[in-house]
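This report concerns only the one structure given below.
Start at 1 with the first residue, then count along the sequence. We count ligands from 1, going down the list as the structure has it; atoms in each ligand are counted the same way.
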Amino acid sequence: MAKVATITLNTAYDLVGRLKRIELGEVNTVETLGLFPAGKGINVAKVLNDLGVSVAVGGFLGEDNVGDFEHLFQSVGLEDKFQRVAGKTRINVKITETEADVTDLNFLGYCISPADWQKFVADSLDYCKAFDIVAVCGSLPRGVTPELFADWLRQLHQAGVKVVLDSSNAALTAGLSARPWLVKPNHRELEAWIGHSLNSLDEIIQAAKKLRMQGIANVIISMGADGSLWLSEQGVVRAQPPKCENVVSTVGAGDSMVAGLIYGIVNGLSQQETLAFASAVSAFAVSQSNVGVSDRALLEPILANVKITTIEG
Ligand SMILES: Nc1ncnc2c1ncn2[C@@H]1O[C@H](COP(=O)(O)OP(=O)(O)OP(=O)(O)O)[C@@H](O)[C@H]1O
Ligand SMILES: O=P(O)(O)OC[C@@]1(O)O[C@H](CO)[C@@H](O)[C@@H]1O
C-alpha cells in the first residue's frame, strides 16, 4: 500500500467545549468536551490510522508541553518525525454553541527560528521522499513566511512527492504556486483566494476551475453541510452527505474529509467512491467532539445515504 505522511507546522492542543450561547463580556460556564493533541495534519493522521492506514507524522512541536502528543503517537502507533522546538505548542479554544456554529479562538505558540526551519527543510525533504503522499495541513507558525513555505513545497514537488495541501489565507495562496497534487479549500477559503463572494454552486465551480488551471490536478471544495465538489481531468463530481441533525462539533470535519480522500486514493477506489467515502467520514466527524473513527461500522449507514452526482465528465 502507498505510504502516507502528514505534516503539521502549527500543531495545537484543542480545548473543546459546548454551551447554549456565548454572552460576550460575561462569565460563561462551558461544558468541557476535552483537551486533545491536534492540529490539522495530526487529525488527518488519527483518522487514517483508525481506518487502518499507517501514517508518519511530522512538523513542529513545542518542547515545553509535548507530553500528550507523545502519548498519542505511542498509544495509536503513529511514526513520530516531529522536530521539537523551544517554547510551547499553542492552545486553541473551540466552543460550539447549541444554536450556532463553532467559535475558534486560536492562540499563538512557538516561534520557528531560521535554524529550526533550515533543519526542518533538510530533514523533511529527506524523509518525505520515502512517502507516496504527503499531506501538508494547517496554518504557519510564527517565523515561517508564506514565501519560505512555498519554496519548501516547490522542493517537495521537485523531489516527486505528491503533496495534498489543506491550508488557508496567505499560506494557501503561496502554497498553490508550488502546484500541489491535491488541494481542499472550503467554500470560504476559495472565496478568499478568488477575492469575491461565491453565491451559487455554479460560481463555486467556475472559481474552482480557475484553481485547477493553476496546474493542480485535483481540486476538492468542501461546503459544510452542503457537501463537496471534486474537480479533476475526469470532470466535476458532487457529493451530498446526509445532514447531521445532532452536530456536536464541526472541528476536524475538513481534516476527516482529507483523510477519507487519502484513504480512497491509496486503496484504489474510483473518484466517485472516494468522494462518497470521504463525505461519510466527514459527516460522521461532526457528530463527535474529538476526531477519529472509533468503529468503522458507524460509517456504513452514512455512506449508504451519500448522494453522488456527476456534474461534468
Ligand atoms: N452539518 C453537517 N452534516 C453533514 N456533513 C457535514 C456537516 N458539516 C460538514 N460536513 C461534512 O464535512 C465536510 C467538510 O466540512 P467543511 O466544509 O466545514 O470543512 P472545513 O471548513 O475545512 O472544516 P474544518 O472546520 O475542519 O476546518 C463537508 O464537505 C461535509 O462532507
Ligand atoms: O490554525 P490552523 O492550523 O489553520 O488550524 C488549526 C485547527 O483549528 O485545525 C484543526 C481543525 O481542523 C484543529 O485541530 C486546530 O486547532
Where on [X] is there a heavy atom closer than 4.0 Å to ligand 2, on the side chain, on the backbone, on both, or on neither?
X    : result
V291 : neither
E189 : neither
N106 : side chain

How far apart are the closest heavy atoms of [X] and [Y], and which atoms are they?
X    : Y    : result
P146 : A174 : O-CB, 3.5 Å
L172 : P185 : CD2-CB, 4.2 Å
V161 : C128 : CG2-O, 3.8 Å
A12  : N92  : CB-ND2, 3.3 Å
W152 : S124 : NE1-OG, 3.0 Å

Among all protein non-hydrogen atoms, which one is nearest to [atom], and what is the separation to 0.1 Å?
atom                    : value
atom 31 (O) of ligand 1 : S282 OG, 2.9 Å
atom 6 (C) of ligand 2  : R90 NH2, 3.5 Å
atom 21 (O) of ligand 1 : N186 ND2, 2.8 Å
atom 15 (C) of ligand 2 : D14 OD1, 3.5 Å
atom 9 (O) of ligand 2  : K40 NZ, 2.9 Å

| Charged N to carboxylate O under 4.0 angstrom, E26 versus R21? |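 A salt bridge is absent here (no side-chain N lies under 4.0 Å from a carboxylate O).
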
If you count the atoms of ligand 1 from 1 in the order shown, which ones are under 4.0 Å from a heavy atom of [X]?
X    : value
P242 : 4 (C)
G252 : 26 (O)
T250 : 25 (O)

Which of the numbered atoms in ligand 2 are under 4.0 angstrom from any heavy atom belonging to [X]?
X    : value
K94  : 7 (C), 8 (O), 15 (C), 16 (O)
S139 : 1 (O), 2 (P), 3 (O), 4 (O)
G252 : 11 (C), 12 (O)
D255 : 10 (C), 11 (C), 12 (O)
A38  : 14 (O)
N92  : 6 (C), 15 (C), 16 (O)

| task | Check each heavy atom of M223 against ligand 1 and say whether those closer than 4.0 Å belong to the side chain, the backbone, both or neither. | result |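 M223 to ligand 1: backbone contact only, side chain stays beyond 4.0 Å.
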
| request: For ligand 1, note which part of V102 has a heavy atom under 4.0 Å away: side chain, backbone, both or neither. | output: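 For V102, there is no contact with ligand 1 at all, from either part.
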
Purely on distance, is any nitrogen or oxygen of [X] under 3.5 Å from one on ligand 2?
X    : value
S168 : no
N10  : no
G39  : yes

| request: Give the C-alpha distance, both sets of side-chain angles, the deciding distance and a yes or no for side chain to side chain donor-acceptor pair (under 3.5 Å) between K20 and N28. | output: CA-CA 10 Å; K20 191 157 185 289; N28 292 267; over 6 Å; no

| With a 4.0 Å cut-off on heavy atoms, does K184 reach ligand 1? |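 True for this residue.
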
Looking only at non-hydrogen atoms, which of [options] approaches [atom] most closely?
atom                   : options                : result
atom 2 (C) of ligand 1 : S228, A225, G138       : A225
atom 5 (N) of ligand 1 : A239, A283, S168       : A283
atom 6 (C) of ligand 1 : A253, G224, C244, S222 : G224

| said: Between ligand 2 and G254, can you find any atom pair, the residue atom being a heavy atom, that is separated by under 4.0 Å? | reply: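 No, G254 has no heavy atom closer than 4.0 Å to ligand 2.
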
| Proximity flag K46 to ligand 2, non-hydrogen atoms under 4.0 Å |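 No, that is not the case, since the closest heavy atom of the residue is not under 4.0 Å from the ligand.
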
| query | G227 to ligand 1: N or O pair under 3.5 Å? | reply |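 The answer is yes, given that G227 and ligand 1 share an N or O pair closer than 3.5 Å.
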
| N/O of G254 under 3.5 Å from N/O of ligand 1, yes or no? |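 Such a contact does occur with ligand 1.
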
| task | Kindly work out whether a path of hydrophobic side-chain contacts (I/L/V/M/F/W/Y, heavy atoms less than 4.5 Å apart) joins I91 to V85. | result |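 They do not share one cluster, since no chain of ILVMFWY contacts under 4.5 Å joins I91 to V85.
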
Keeping the roles fixed (side chain from [X], backbone from [Y]), state whether a donor-acceptor pair exists under 3.5 Å.
X    : Y    : result
S249 : V251 : yes
D132 : K3   : yes
D80  : F73  : no

| query | Do we see a donor-acceptor contact under 3.5 Å between the side chains of N305 and K243? | reply |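 Side-chain D/A pair, N305 to K243: absent.
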
| field | Among V66, I42, I7, side-chain contact (heavy atoms from CB on, under 4.5 Å) partner for F82 | value |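 So, applying the side-chain contact (heavy atoms from CB on, under 4.5 Å) to F82 and each of V66, I42, I7, only I42 qualifies.
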
| field | Candidate list L148, V144, L9, test side-chain contact (heavy atoms from CB on, under 4.5 Å), partner I112, passing option | value |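 Of the listed options, the one satisfying the test is V144.
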
| request: To the nearest 0.5 Å, tell me how far L229 CG sits from Q240 CD. | output: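 Result: 9.5 Å between the selected atoms.
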
| So T145 and L140, side-chain contact (heavy atoms from CB on, under 4.5 Å) or not? Walk me through it. | CA-CA 7 Å; T145 63; L140 304 180; over 6 Å; no

Acceptor/donor pairs from residues 256-266 side chains to any protein atom, 3.5 angstrom cut, sequence neighbours excluded:
residue, atom, partner, partner atom, Å
S256, OG, G252, O, 2.9
Y263, OH, R296, NH1, 3.4
Y263, OH, R296, NH2, 3.2

